**Q** 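I have a structure I would like to understand better, so I am pasting it below and will then ask my questions one at a time.
Along the sequence shown, the residues carry numbers beginning at 1. Owing to the predicted nature of the structure, the values given are computational and were not obtained by experimental measurement. Just follow the structure's listing: the first ligand is 1, and inside any ligand the first atom is 1.
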Amino acid sequence: RGPGPVQEPVPCLPRLPVLGSLLWLGGGLPPHLLFTQLTYRYGSLFALYLGPHYTLVVNNHQHAREVLLQRGKDFAGRPDMVTTNLLTRGGKDIAFSDYSPLWRFHRRLVHNSFTLFGEGTSRLQDIVLSAVDGLCVELLSHGSRGFDPSAAISRAVTNVVCTLVFSSSYGPGDRELQEVISYNNGIVETIARGGLVDIYPWMKVFPNRSLSKLKECITVRDRLLTRKLEEHKAALGDGDPRDLLEALLKGQTGSGRGQRSHGSTEEGITDDHVLMTAAEAFGAGVETTSTTLLWILAYLLHHPEVQERVQRELDENVGGDRAVSVSDRGRLPYLDCVINEGMRIRPVSPVLIPHTAMTDSSIGGHAVRRGTRVLVNMWSIHHDPRFWDKPDLFNPDRFLDDKGQRTTPTCFLPFGAGPRVCVGESLARLELFLFLSSLLQRMSFRLPDGVSPPNLQGRLGVVLQPLPYKAAVSPRPGWEGGAK
Ligand code: HEM
Ligand code: PLO
């Protein structure tokens, strides 16, 4: 523990009954920027009322480390939210489910399945590389014309997750793939305009267009996933699981379905849990990875010198005669820095997912009551001028130390940390590495003639996305067709 308890209360924004502090949160800024601005007036730790909910906002990395790591377990709860409850059948997933013994067991099961399929196995590498080949062919098919790369990237990433979760992959134009992409977009558009921090308690009372669209998309999703689940159940054999869905089904029976041995009185991992986990792996896997790729490409269009340096590193350490593989990762430190810098300057989840205090606890010596909501503003931590030199500048070198070795500064936490750290972190890192290295080995990105560079401001939906932009590509020698 730090110094003794601090007596003063945490500075709090004004508030009204029912509305809470909402009137003082106007001005149209998205939450991560608004909160950063509020630190100038209230300090780095302040409180506000989101509707009736007392909420602490953490804006510096020491406090974030207390919340996520040092007292991570105290703050591992999740609040009850109308939209995410709909999305997850009342928290039968990992990300939005409150802390419970069953949740821990469930999270561990998912984590183990990811380890089984992912991290370092050649199978995952093959899955990603085959999606990469498809993507490269598609990108290069545009010739020298400018185009918006987002649809192709999102299709490629969706294919990786589809293979991982239920062993299907799709060619361009496949109907089922279109269905998946369109329900997913529908959910992204409606789940939480302006980020997950918005808690509209009125939504349930005044049903609106957004909420009914969300429900429609969830219905489409559930129909598709239920079909996959039934197919998998019918084909479930004794061998090693083929995909995440099989691993979950096996984990479910292996653990004894409906057993009460996980320290809870609830039932075990139900079919609903399996379905919600598959849906979530899908949603999380696609939105985050494709958005991060789009941000990095947008920054490369602004900084052609960075792209050239990555390509030089690739030419010297991999060459152009073979595809890049996971084992090349240690030889491509600068690329790693580019990926980290992309996730620092534009974190896809700038305020993480809201946490809640499970017990009475403290932050920075201030007492925090059980049930308090806590928002960790990773944006302000990643842009804190006390720790980052010119934080608004895209500069991958900041992830190299004086000796040219990679370093990870303590105030860099794009995946969160502690009991609620992203379960997909290694998968995501592997994908980002293989996608970017392969793309830059095979082609160069540039601005189409007469087109201005991408707007880097971003738009906060459920993740922080770049506004649509156009790029043009040209093949590097030997890669005219996109793949070998
Ligand atoms: C949670 C970031 C990719 C699955 C999170 C959180 C962040 C994050 C910031 C919230 C941590 C918190 O609330 O404290 C990212 C980034 C990614 C990425 C930057 C890619 C660049 C993925 C992938 C998957 C995934 C590929 C799965 C296939 C999850 C899940 C959670 C989560 C299930 C909830 C964990 C929990 O609440 O216990 N991620 N993520 N993520 N992520 Fe990721
Ligand atoms: C994306 C749309 C999907 O249809 C449902 C879904 C599930 C998990 C969510 C994801 C969405 C958005 C990004 C989230 C992820 C869990 C962890 C991840 C919030 C809503 C991040 C970045 O925190």
Side-chain angles (χ1 to χ4, degrees), residues 58 64 67-69 72 75-79 81 83-84 86-88 91 93-99 103-104 106-108 110-111 113-114 117-118 124 128 157-158 160-161 164-165 180-192 195-197 214 217-218 220-222 225 244 276-296 339-340 342-344 346-356 374-376 378-379 382 412-433 435-436 461-465:
V58 166
V67 170
L68 301 174
L69 289 162
F75 293 101
R78 295 287 194 211
M81 293 186 282
T83 46
T84 58
L86 267 177
L87 186 72
T88 64
D93 67 325
I94 306 286
F96 303 112
S97 160
D98 201 5
Y99 189 94
W103 169 81
R104 275 183 48 152
H106 186 190
R107 185 179 150 113
R108 204 167 306 135
V110 172
H111 193 88
S113 318
F114 274 152
F117 290 115
L124 180 60
V128 179
V157 175
T158 304
V160 173
V161 185
L164 210 67
V165 177
V180 170
I181 291 177
S182 93
Y183 85 63
N184 204 39
N185 287 342
I187 296 176
V188 170
E189 278 163 30
T190 51
I191 184 83
L196 289 167
V197 298
L214 176 61
C217 292
I218 290 174
V220 175
R221 176 196 75 176
D222 290 352
L225 288 176
L244 181 73
M276 292 307 111
T277 314
E280 190 161 285
F282 217 87
V286 172
E287 286 315 306
T288 52
T289 316
S290 57
T291 303
T292 305
L293 287 170
L294 284 172
W295 274 123
I296 295 174
I339 295 173
N340 280 344
M343 293 195 290
R344 178 195 70 84
R346 290 297 178 267
V348 291
S349 190
V351 283
L352 311 189
I353 302 172
H355 289 246
T356 58
V374 181
L375 301 176
V376 178
M378 204 48 78
W379 175 276
H382 282 182
F412 176 64
L413 293 170
F415 295 95
R420 285 286 182 171
V421 68
C422 175
V423 278
E425 174 168 357
S426 353
L427 169 63
R429 285 197 171 274
L430 185 89
E431 278 192 79
L432 293 173
F433 169 76
F435 269 103
L436 279 168
V462 67
V463 294
L464 179 66
Q465 287 177 319

**Q** Counting C-beta onward and ignoring hydrogens, is there a side-chain heavy-atom pair between F435 and V128 closer than 4.5 Å?
**A**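 F435 vs V128: side chains touch.
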**Q** Could you see which bit of I353 sits under 4.0 Å from ligand 2, with heavy atoms only: side chain, backbone, both or neither?
**A** side chain
**Q** Pick one: which of L225, I94, D222 meets side chain to side chain contact (heavy atoms under 4.5 Å, CB included) with M276?
**A**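 Passing option: D222.
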**Q** Of all the atoms in ligand 1, which lie at a distance below 4.0 Å from a heavy atom belonging to E280?
**A** 33 (C)
**Q** Around atom 24 (C) of ligand 1, find the nearest protein heavy atom and jot down its residue, atom name and distance.
**A**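 Scanning the protein heavy atoms, the shortest distance from atom 24 (C) of ligand 1 goes to G424 CA, 3.6 Å.
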**Q** For ligand 1, does M378 get within less than 4.0 Å through its side chain, its backbone, both, or neither, judged by non-hydrogen atoms?
**A** neither
**Q** Counting each atom of ligand 1 from 1 as listed, which ones have a heavy atom of V423 under 4.0 Å away?
**A** 4 (C), 29 (C), 30 (C), 33 (C)
**Q** Relative to the heavy atoms of R78, which atoms of ligand 1 are at a distance of less than 4.0 Å?
**A** 12 (C), 13 (O), 36 (C), 37 (O)
**Q** If you count the atoms of ligand 1 from 1 in the order shown, which ones are under 4.0 Å from a heavy atom of A281?
**A**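 With A281 as reference, the close atoms of ligand 1 come out as 28 (C).
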**Q** Considering the heavy atoms of V348, write down every atom of ligand 1 situated less than 4.0 Å from one of them.
**A** 19 (C)
**Q** CD of E189 to CG of L214: how many Å apart, nearest 0.5 Å?
**A** 11.0 Å
**Q** Does I94 approach ligand 1 within less than 4.0 angstrom via side chain, backbone, both or neither, non-hydrogen atoms only?
**A**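 It is both parts that get close, each with some atom under 4.0 Å.
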**Q** Test side chain to side chain contact (heavy atoms under 4.5 Å, CB included) on T291 and L464; report intermediate values, then the result.
**A** CA-CA 8 Å; T291 303; L464 179 66; over 6 Å; no
**Q** Would you say the side chain of H382 lies within less than 4.5 Å of the side chain of P414, judging by non-hydrogen atoms?
**A** yes
**Q** Tell me, which protein residue and heavy-atom name are nearest atom 31 (C) of ligand 1, and how many Å apart are they?
**A** A95 CB, 4.1 Å
**Q** Out of F75, F415, F114, Y99, indicate the one that has the non-hydrogen atom closest to atom 6 (C) of ligand 1.
**A**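 Minimum heavy-atom distance to atom 6 (C) of ligand 1 goes to F415.
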**Q** Check the pair R429, M343 against side chain to side chain contact (heavy atoms under 4.5 Å, CB included), reporting the backbone distance first and the verdict last.
**A** CA-CA 11 Å; R429 285 197 171 274; M343 293 195 290; 3.8 Å; yes
**Q** Starting from atom 42 (N) of ligand 1, what is the nearest protein heavy atom, named by residue and atom, and what distance separates them?
**A** C422 SG, 3.2 Å
**Q** Which ligand 1 atoms are under 4.0 Å away from a heavy-atom of T292?
**A** 21 (C)
**Q** Say whether T288, considering both its backbone and side-chain N or O atoms, lies within less than 3.5 Å of an N or O atom on ligand 2.
**A**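 In this structure, T288 places no N or O atom under 3.5 Å from an N or O of ligand 2.
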**Q** Within ligand 1, which atoms have a heavy atom of W103 less than 4.0 Å away?
**A**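 Those atoms are 38 (O).
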**Q** Between Q465 and L294, is there a side-chain heavy-atom distance shorter than 4.5 Å?
**A** no
**Q** How far is atom 26 (C) of ligand 1 from its nearest protein heavy atom, and which residue and atom is that?
**A**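 Here the closest protein heavy atom is G285 CA, 3.5 Å.
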**Q** State, with a plain yes or no, whether a side-chain heavy atom of V351 is found less than 4.5 Å away from one of V376.
**A** no
**Q** For ligand 1, which atoms, with element, lie under 4.0 Å from some heavy atom of R107?
**A** 35 (C), 36 (C), 38 (O)
**Q** Tell me whether R420 has any N or O atom under 3.5 angstrom from an N or O of ligand 1.
**A**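 R420 vs ligand 1: N/O contact under 3.5 Å present.
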**Q** Determine the sole option in L293, V348, V157 for which the side chain to side chain contact (heavy atoms under 4.5 Å, CB included) test with T288 is passed.
**A** V348
**Q** Would you check, one step at a time, whether the test side chain to side chain contact (heavy atoms under 4.5 Å, CB included) holds for R420 with F75?
**A** CA-CA 9 Å; R420 285 286 182 171; F75 293 101; over 6 Å; no
**Q** What residue and heavy atom of the protein are closest to atom 4 (C) of ligand 1, and at what distance?
**A**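 Nearest neighbour among protein heavy atoms for atom 4 (C) of ligand 1, to 0.1 Å: A284 CB, 3.5 Å.
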**Q** Just distances here: any N/O of H355 and N/O of ligand 1 closer than 3.5 Å?
**A**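 Yes, since at least one N or O of H355 sits under 3.5 Å from an N or O of ligand 1.
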**Q** Verify side chain to side chain contact (heavy atoms under 4.5 Å, CB included) between V161 and T289, making sure each step is shown before the conclusion.
**A** CA-CA 10 Å; V161 185; T289 316; over 6 Å; no
**Q** Return the option from S426, G283, P414 holding the heavy atom at the smallest distance from atom 9 (C) of ligand 1.
**A**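 Looking at heavy atoms only, the winner is P414.
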**Q** Would you say that E280 contacts V165 through its side chain, given a criterion of any heavy-atom pair below 4.5 Å between the two side chains?
**A**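 A side-chain contact is absent here, since even the closest heavy-atom pair is not under 4.5 Å.
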**Q** Do any nitrogen or oxygen atoms of T288 come within less than 3.5 Å of a nitrogen or oxygen of ligand 1?
**A** no
